Enquirer: 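The structure that follows is given in the form of structure tokens.
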2 protein chains.
Amino acid sequence: MKLEEAQDKFIQGWGQLGASWGINRTMAQIQAVLLVSPEALCTDDIMERLQISRGNANMNIRELIAWGVVYKSFKPGDRKEYYYAEKDMWDLAKKVARERKKRELEPLNRILGELKTVEGNSNEVKEFKKVVKSADSMAKRADSMLELVGKLDENIFFKWMTKGK
Amino acid sequence: MKLEEAQDKFIQGWGQLGASWGINRTMAQIQAVLLVSPEALCTDDIMERLQISRGNANMNIRELIAWGVVYKSFKPGDRKEYYYAEKDMWDLAKKVARERKKRELEPLNRILGELKTVEGNSNEVKEFKKVVKSADSMAKRADSMLELVGKLDENIFFKWMTKGK
DNA sequence: TCAAACTTTCAGAAATAATTGAAAATTAAA
DNA sequence: TTTAATTTTCAATTATTTCTGAAAGTTTGA
């Protein structure tokens, strides 16, 4: 397979993965373009490679930077901003996990907290409280799991557990 | 807070969470309705509670069953199908993780496998191979992590690590 | 200060996804 | 069988998300 073709497949595949994770497809594709590029690229490079508009490119690049998976750089004697991707994929996964946790688990926790004040003693109320408590403990567990991933990342025992064919 | 109100908040919040996970909002809401209901419900109950059409209800119930998080049941002397939700939330999370793994990680792995056949020796090709390899190992790592979650679930050491305030 | 180079914004257009509702298919009791 | 109850399908509609492109905003160097 030729390089260009392989890169395109990677870009498409990565975009697809992003889409199914609820991340805008173009955003994932821009990240993929930066991942496969040895040097930092400017907005025009990205617009050209993906055939997208300036506005679209700009918005999604901002978003990637906000997620902490793409960085800016500057070239001396050039006014343009250049962008490059975090290439440590595990670090990437951790950052995405952290960002999602912030955006999704926290709002859920807030709601679940409020719901504990439900009044009454009927069967339905008891059932409901059980569900809320269960959701709450799941959220906490998911939360500490994500923490764990970050912390245990370098731990030799963890590496041993997760290594394998 | 009154029960009905609390249930509605839970249903909305759960739908929201589902949406940000790339799961159809209605699908998540149906699951929430079943979660807070002490008895199994039929299609009409769900249509009424969420004010949605029969087609919509049917499609999303099917999908929930396919994910393995909702089950059918039958009442004697009644032809209707009744549905109830898996209420063990941790089990739920595991099932969702497994399903997503199947739907998303596997396609990525297939593509990454193909991409190893890229030809050439240039700097760009080397860079590209590095990215592919890195993505591949991240995918494998995520994969074994999900495996681990399932296996360690009952493990006391793991519980100790993840327990917290 | 001005003007060129570049970035950001955002209203409207286009693309995508979800939903409806009624018809078709299926099921099971009589 | 037949028929009534129920589930499934799907073309058309509606809602949501994403994208465009041009105008407005910002920055930098002369």
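Each chain gets a letter, A, B and so on, in the order the sequences are listed, and its residues count up from 1. This one's a predicted model, so the numbers in the text were calculated from it and none came from an experiment.
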Enquirer: Applying side-chain contact (heavy atoms from CB on, under 4.5 Å), name anything that partners A/Ala6, two or more places apart in sequence or on another chain.
Expert: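 Partners of A/Ala6 by the side-chain contact (heavy atoms from CB on, under 4.5 Å) criterion, ordered by chain and then number, come out as A/Met1, B/Leu115, B/Val118, B/Phe128.
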Enquirer: Kindly state which residues belonging to residues 15-28 of chain A come within less than 4.0 angstrom of DNA chain D, counting heavy atoms of the residue only, listed by number.
Expert: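 Going residue by residue through residues 15-28 of chain A, the ones with a heavy atom under 4.0 Å of DNA chain D turn out to be A/Asn24, A/Thr26.
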Enquirer: Got a sec, which residues hit salt bridge (Lys or Arg N to Asp or Glu O under 4.0 Å) with A/Asp88, two or more places apart in sequence or on another chain?
Expert: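 Scan of A/Asp88 (salt bridge (Lys or Arg N to Asp or Glu O under 4.0 Å), adjacent residues dropped) gives none.
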Enquirer: Answer yes or no for A/Arg100 and B/Trp21: cation-pi contact, defined as NZ/CZ to six-membered ring centre under 6.0 Å and angle to ring axis within 45°.
Expert: yes
Enquirer: Supply the members, apart from A/Tyr71, of the Ile/Leu/Val/Met/Phe/Trp/Tyr cluster built from side-chain contacts under 4.5 Å; use none for a lone residue.
Expert: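 When side chains under 4.5 Å apart are linked, the cluster holding A/Tyr71 also contains A/Tyr84.
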Enquirer: Apply salt bridge (Lys or Arg N to Asp or Glu O under 4.0 Å) to A/Glu5 and list each qualifying residue two or more places apart in sequence or on a separate chain.
Expert: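 None.
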Enquirer: State, with a plain yes or no, whether a side-chain heavy atom of A/Lys116 is found less than 4.5 Å away from one of A/Leu112.
Expert: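 With C-beta onward as the side chain, the pair stays apart.
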Enquirer: Between N or O atoms, less than 3.5 Å apart, protein on one side and nucleotides 26-30 of chain C on the other: list the pairs.
Expert:
from   : atom 1 : to      : atom 2 : distance (Å)
C/dT27 : O2     : B/Arg79 : NH2    : 2.9

Enquirer: Measure from CZ on A/Phe74 to P on C/dA5 and round the result to the nearest Å.
Expert: 18 Å
Enquirer: Give the first and the last nucleotide of DNA chain D, reading 5' to 3', that has any atom under 4.0 Å from a heavy atom of chain A.
Expert: D/dT18 to D/dT28
Enquirer: Closest heavy-atom contact between A/Thr43 and A/Tyr83?
Expert: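 Nearest heavy atoms, A/Thr43 then A/Tyr83: OG1-CE1, 3.6 Å.
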Enquirer: Could you work out, with salt bridge (Lys or Arg N to Asp or Glu O under 4.0 Å) as the rule, every residue matching B/Arg25, not counting sequence neighbours?
Expert: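 Residues passing salt bridge (Lys or Arg N to Asp or Glu O under 4.0 Å) with B/Arg25: none at all.
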Enquirer: Does B/Glu48 have any side-chain contact (heavy atoms from CB on, under 4.5 Å) partners at least two apart in sequence or in another chain, and if so, which?
Expert: none
Enquirer: Looking at residues 50-71 of chain B, who's got a heavy atom less than 4.0 Å off DNA chain D?
Expert: B/Arg54, B/Gly55, B/Asn58, B/Arg62
Enquirer: If you look only at pairs with a residue in residues 34-45 of chain B, which of them pass as a salt bridge (charged side-chain N to carboxylate O under 4.0 Å, His left out), with sequence neighbours excluded?
Expert: B/Asp44-B/Arg54
Enquirer: Answer with base, sugar-phosphate or nothing: what part of the nucleic acid does A/Asp78 contact at a heavy-atom distance below 4.0 Å?
Expert: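 If one applies the 4.0 Å heavy-atom cut-off, A/Asp78 turns out to touch the sugar-phosphate alone, with no base involved.
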Enquirer: So, using side-chain contact (heavy atoms from CB on, under 4.5 Å) as the criterion, who are the partners of A/Asn58 when residues are at least two apart?
Expert: A/Arg62
Enquirer: Output the distance between atom NZ (B/Lys102) and atom CZ (B/Arg98), rounded to the nearest 0.5 Å.
Expert: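 If I round to the nearest 0.5 Å, the distance is 9.0 Å.
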